[in-house]
Amino acid sequence: MTYTITRRAVLGATAAATMIFAAGIAAAQDKIQLRMSTVATETDQRTVALAEVFGPGVAAFANYEPHYNGTLFKQATELEAISRGNLEMAIISAQELASFYPEFSVFTAGYLHRDAAHQVAVFNNALMDPFKKKVEDELGVKLLTVMYLGRRQLNLRTEGTVTTPADMAGVKLRMPGTDAWQFLGKALGANPVPVAFGEIYTALQTGAIDGQDNPLPTVKDSKFYEVTKQIVLTSHLVDLNYLALSLDVWNKMTPEQQAATQKAADEAAETGRQRQLKLEDELVQFFKDQGLKVYEPDVAAFRTQVQAAYLASPYAASWPEGIVEAINAAN
Ligand code: KDO
């Protein structure tokens, strides 16, 4: 059988192709835009899980567009960006929320959350409702889910052994720029120095700071172990982040789209959580193999000092009555 290609057939095919192409563009344009800004890297297990699980979970109706390493918005400016309608999503911290609403500092207190499961129990507990409502009503930001960053440990370029908070005296410890973070640095007995996440490596390398604190997976992912000598396993903060979404965007979604978005966010958070936990288990040996000293200090001494510092702080005065007991009881 032979085919005769006529001019009319070619024109017809071209027109059809153009229509299909145009329809494709229209479909893409009709999708909800979800630009997500974070200072985290694209190899961080939370952002990997978002790309692998959240993006595909909303792909039928939304374009998930992640921006890493603080390239779209700088650390701690994301909440305001969402609030002003300049950004749709971000990975944010309770410390950043505490800059707007001091009562959020309760979720930043050292030695309060017990572990990853406790974070989830607290986030899903009714005690969180007034916190979530305030952020929605006043900032226009919906806290979709809680993400596990990990247990923060001291990671120092100094050599002296750290046993108690007294050994941290005079240590220039990098903490993120917000006040609630700086407070934690002081509570640990150190001299906190504000440095943006993306500048930690160079600050360690040049000696501008003596150390930093982050969970083990972050120390590996951002290669801080290359420019430090020891990791002191204080586990002073079981650290969380919230996945934040513009409430305007959420309100424009259909109930089906909202349900799919929530499900995708929770599943991505769970995937990231399991991967971070696994890495935390595995990495002690990795750092030892790299020549770092890794050891437990007198954790009870750190816990006593840090908890006392929070309870005596102006932050505690902003905590709703009974909240610490409610957090402790959540499971
Ligand atoms: C950091 O700046 O040390 C920190 O760990 C703080 C967290 O709240 C979070 O912003 C995190 O950085 C980034 O997601 C990078 O891992």
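Any value given below was found using the heavy atoms of this structure, including those in side chains, with hydrogens, waters and symmetry copies removed. Order of appearance sets the numbers: ligands from 1, and atoms from 1 within every ligand.
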I want to confirm something. Looking only at heavy atoms, which of N214, D221, T218 is nearest to atom 5 (O) of ligand 1?
N214

What I want to find out is whether K134 reaches E103 closely enough, with some N-O distance under 4.0 Å, to be called a salt bridge.
yes

Can you find a non-hydrogen atom of M175 under 4.0 Å from ligand 1?
no

Using distance alone, decide if ligand 1 has a nitrogen or oxygen within less than 3.5 Å of any nitrogen or oxygen in W181.
no

E136 bridged to K133 by N-O distance under 4.0 Å
no

Element-labelled atoms of ligand 1 that are located less than 4.0 Å from some non-hydrogen atom of D44
16 (O)

Between E78 and A76, is there a donor-acceptor pair closer than 3.5 Å when you use the side chain of the first and the backbone of the second?
yes

If the cut-off is 4.0 Å to any non-hydrogen atom of P176, which atoms of ligand 1 fall inside it?
1 (C), 2 (O), 3 (O)

Distance from atom 10 (O) of ligand 1 to nearest protein heavy atom, with residue and atom
Q75 NE2, 3.5 Å

The option among Q212, E78, R174, E199 carrying the non-hydrogen atom nearest to atom 3 (O) of ligand 1 is R174

Heteroatom proximity flag, D239 to ligand 1, N/O under 3.5 Å:
no

Are Y111 and F302 near enough that their ring centres are under 6.0 Å apart?
no

Run the numbers for me: atoms of ligand 1, each under 4.0 Å from some heavy atom of R46, listed by number.
13 (C), 14 (O), 15 (C), 16 (O)

Between Q230 (side chain) and V294 (backbone), is there a donor-acceptor pair under 3.5 Å?
no

Applying salt bridge (charged side-chain N to carboxylate O under 4.0 Å, His left out) to E226 and K223, what does each step give before you reach the verdict?
CA-CA 6 Å; E226 291 179 351; K223 303 196 166 47; 5.3 Å; no

Under 3.5 Å, N or O to N or O, is D213 touching ligand 1 that way?
no

Do N241 and ligand 1 have an N or O pair less than 3.5 Å apart?
yes

Would you say the side chain of K293 lies within less than 4.5 Å of the side chain of K229, judging by non-hydrogen atoms?
no

Backbone or side-chain N or O of Q95 under 3.5 Å from ligand 1 N or O:
no

Ring centres under 6.0 angstrom apart (Y101, F131):
no

Would you say T38 has any N or O atom under 3.5 Å from an N or O of ligand 1, going by distance alone?
no

Counting from 1, what ligand 1 atoms have a heavy atom of A40 closer than 4.0 Å?
14 (O), 15 (C)

Taking only Lys NZ, Arg NE, NH1 and NH2, and the carboxylate oxygens of Asp or Glu, determine whether E65 and R35 approach each other closer than 4.0 Å.
no

Look at atom 13 (C) of ligand 1 and say which protein heavy atom is nearest, naming residue and atom and giving the distance to 0.1 Å.
V39 CG2, 3.6 Å

What are the atoms of ligand 1, with element, lying closer than 4.0 Å to any heavy atom of S93?
8 (O)

Shortest protein heavy-atom distance from atom 12 (O) of ligand 1, along with the residue and atom involved:
F197 CD1, 3.7 Å

What I'd like to find out is whether the side chain of V249 reaches to under 4.5 Å of the side chain of M89, using heavy atoms alone.
no

Heavy-atom contacts with L149 under 4.0 Å: which atoms of ligand 1 show up? List them by number with element.
5 (O), 7 (C)

Residue pairs fulfilling side-chain hydrogen bond (donor to acceptor under 3.5 Å, both in side chains) with at least one residue in residues 39-56, sequence neighbours excluded
T41-T43, T41-D221, T43-D221, D44-R46, R46-N241, E52-R275

